[in-house]
Amino acid sequence: DFLVKNGPKYGYFADPSKSYYICKEEDEEVARAEFVKLGLEINYSRGERYLGGFIGSGASKEQWLGDMVAKWVAAVEALAAVAVKHPQTAYAGFTFCLQNEWQYLQRVVADTGPFFEPLERAIRSKFIPALLGLTEIDGKFRELLTHSVTKGGLALRNPVDTAAYVHVASKEATLHLTQSLIDDSVDFDIRTHLAAARAAGQAARSGRLGREQRHLDARAKDVPADGRRDKRNSASGVWLTVVPSRLNGTGISAEEWRDNVRLRYNLQPIDMPDRCDGCNCQLTVEHALSCKKGGLVHIRHDDVADEWRYLCGTALSFGRVEREPRIYSSVGRLVREAGEAAETPAAGERDEMQTTGERGDAGVHGFWQRQRMAIFDVRITDTDARSARGRDYTKILAAHEKEKKDKYLDPCHQMRKDFTPLVYTVDGIAGREARNAERRLAAHLGMKWKKGYSEMVHYVRVRMALAVVR
């Protein structure tokens, strides 16, 4: 009655015919009489949807939840059909959109976990097998897939398990707002509310990551090889955290996406040939990543180098980017040739570091310093190779970087040039020097496109990781 009379003054026009009074059946007659006295014709119900949640009796709540879950089960089954030919798109639709719908409901409605069991069965028996090309998955693998990408999983949450956690987090985030509504002595303060929401969000994320890390620690204790793989997977999934886009160049084929995810969890790629097309040896994953006769190793290396040159050209201008710049000065080569022609002892005493014709993969003018050339040399290494098994991937990357710098850094400095090794694992993990170069490139792109630094860092890392895994 108050809203009908005073609402129009503030631009709010209440419509009693669209209003519902939620009450028990035995109270409806009394409620009708009171509203009739006020001249309001409204609707009466045992339960109704409200702001994405539900208000009403337990029976009506169960009916509403059942209908909502059935709708999401149908959506998951539709995504499973899409995942057969377009797994990257289906995965992005699930993780960035669909599962957030039911997580919102779980935040605003209490005690919903058991109602999501049919949805979890659909995810486990239909969506994940279609996504990864599997027939079935066990409970341990399903639990690992629920982890965040930064904890070795795919962020395919179990809706039965998330219900309790996200509802508690939502209550903590809105605690000050709730108190201000039900307690007249508490005045609402936006700063207090935002601080409470921020603290609740951080606590929820920390708690989730802590639970996931404890699970990884238990796996590593039982099987050390799984622990090393989980650690590497936690650092190598940046390419999974992006929506496929032709404009941004972040899309990959179904075969590329599925094969890389299967390799992530130590599963053999689907329809892998029996023999290598380069040397006709028996083809295994290790052989495919190391055989230089078939061309796959060189193609991957060249693709990463091409991507780096393209991004540098986009950030600084393509006139500043040189393909395969000479690492050593041509002066040493001329001296050597002159010495060999004269057959003088100086030819045999020449500095070998100054006479080879080796080249880098990219030269970029003004990358690290103004008026100074930076030379980049790409290397991609397999951390599962026999020579590297049992070693931490960070030490493997550091060793490759040191090898490159010991060989090329001093000659580049002699020519007043910078040298940076771009070392990546076959999973897309960047070494320390490569990460620093990616940050610098992101700063150049941010200045040119007027974008935030963090956004550009993620963009560069995704593009380079995709170039590796393709």
Side-chain angles (χ1 to χ4, degrees), residues 46-84 87 90-149 151-173 204-205 207-216 218-219 240 261 265:
R46 306 295 165 257
E48 289 293 331
R49 177 181 180 276
Y50 181 70
L51 296 179
F54 190 85
I55 299 176
S57 64
S60 56
K61 171 187 170 182
E62 291 181 8
Q63 178 64 39
W64 177 75
L65 281 173
D67 295 340
M68 295 296 294
V69 170
K71 180 186 72 173
W72 285 321
V73 168
V76 168
E77 292 174 350
L79 273 183
V82 173
V84 175
Y91 172 75
F94 184 93
T95 55
F96 293 117
C97 180
L98 188 58
Q99 71 177 356
N100 292 322
E101 291 186 14
W102 60 69
Q103 285 185 9
Y104 176 82
L105 184 148
Q106 292 173 342
R107 286 185 175 92
V108 298
V109 181
D111 304 323
T112 59
F115 295 96
F116 286 90
E117 290 181 359
L119 180 60
E120 168 57 19
R121 285 196 297 270
I123 296 171
R124 181 169 175 173
S125 63
K126 296 183 179 180
F127 180 69
I128 296 178
L131 192 69
L132 303 183
L134 300 172
T135 56
E136 60 181 4
I137 61 172
D138 58 25
K140 292 182 178 180
F141 188 38
R142 175 67 181 110
E143 185 174 1
L144 180 60
L145 295 181
T146 63
H147 287 198
S148 305
V149 173
K151 292 299 180 181
L154 291 180
L156 302 175
R157 312 295 186 191
N158 185 331
V160 177
D161 295 338
T162 59
Y165 292 117
V166 299
H167 185 70
V168 170
S170 179
K171 289 178 64 176
E172 293 295 328
R205 284 189 292 273
R208 172 172 51 78
L209 294 176
R211 293 190 298 272
E212 294 171 357
Q213 186 59 52
R214 287 191 291 273
H215 178 247
L216 294 182
R219 280 171 52 87
L240 291 166
V261 173
Y265 297 109

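Worth saying up front: this structure is predicted, and the values here are computed from it rather than measured. Note that the numbering runs from 1 along the sequence shown for the chain.
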Side chain proximity check, [X] to [Y], heavy atoms < 4.5 angstrom:
X	Y	answer
Leu132	Leu145	yes
Leu216	Leu144	yes
Val261	Leu240	yes
Leu79	Leu98	yes
Leu131	Phe94	no
Leu105	Leu65	yes
Val109	Lys61	yes

**Message:** Run the side-chain contact (heavy atoms from CB on, under 4.5 Å) test on Trp102 and Val69 for me, step by step, so that the C-alpha distance in whole Å, both residues' side-chain angles and the decisive distance to 0.1 Å come before the verdict.
**Reply:** CA-CA 8 Å; Trp102 60 69; Val69 170; over 6 Å; no
**Request:** May I have the step-by-step check of side-chain contact (heavy atoms from CB on, under 4.5 Å) for Leu156 and Ile128, ending in yes or no?
**Result:** CA-CA 9 Å; Leu156 302 175; Ile128 296 178; 3.9 Å; yes
**Prompt:** Would the number of heavy atoms belonging to other residues, nucleotides or ligands and lying under 6.0 Å from CG of Asn100 be above 12?
**Reply:** yes
**Asked** Counting only heavy atoms not in Tyr50, do more than 12 sit closer than 6.0 Å to its OH atom?
**Response**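 No - once you tally the heavy atoms of other residues, nucleotides and ligands closer than 6.0 Å, there are 12 at most.
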Show the nearest heavy-atom pair for residues [X] and [Y], with the distance to one decimal.
X	Y	value
Gly152	Tyr265	O-OH, 2.9 Å
Leu134	Ile137	CD1-CG2, 3.7 Å
Val108	Gly53	CG2-CA, 3.6 Å
Ala204	Ala169	CB-CB, 3.8 Å
Gly139	Arg124	N-NH2, 3.1 Å
Ser60	Gly47	OG-CA, 3.8 Å

**Message:** Does Glu212 form a salt bridge (charged side-chain N to carboxylate O under 4.0 Å, His left out) with Arg205? I'd like the steps, not just the answer.
**Reply:** CA-CA 11 Å; Glu212 294 171 357; Arg205 284 189 292 273; over 6 Å; no
How many angstroms lie between atom [atom1] of [X] and atom [atom2] of [Y], to the nearest 0.5 angstrom?
X	Y	atom1	atom2	value
His215	Lys151	NE2	NZ	13.0 Å
Ser57	Gln63	OG	CD	10.5 Å
Glu172	His167	CD	NE2	10.5 Å
Leu154	His147	CG	NE2	11.0 Å
Ile123	Glu77	CD1	CD	11.0 Å

**Prompt:** Should Thr146 and Thr162 be marked as a side-chain contact (heavy atoms from CB on, under 4.5 Å) after you check the CA-CA gap, both sets of side-chain angles, and the distance that decides it?
**Reply:** CA-CA 10 Å; Thr146 63; Thr162 59; over 6 Å; no
**Prompt:** With sequence neighbours left out, what residues match Arg142 under salt bridge (Lys or Arg N to Asp or Glu O under 4.0 Å)?
**Reply:**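 Expected list: Glu120.
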**Request:** Test the Arg157-Tyr165 pair against the cation-pi criterion, namely NZ or CZ under 6.0 angstrom from the six-membered ring centroid and within 45° of the ring axis.
**Result:**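 No, Arg157 does not sit over the ring of Tyr165.
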**Asked** Taking the inter-plane angle between the rings of Phe116 and Trp72 on a 0 to 90° scale, is it parallel (under 30°), tilted (30 to 60°) or perpendicular (over 60°)?
**Response** parallel
**Item:** Step-by-step side-chain contact (heavy atoms from CB on, under 4.5 Å) determination, Thr112 to Phe54
**Value:** CA-CA 11 Å; Thr112 59; Phe54 190 85; over 6 Å; no
**Prompt:** Is it true that Arg214 and Glu143 have a side-chain N and a carboxylate O under 4.0 angstrom from each other?
**Reply:** no
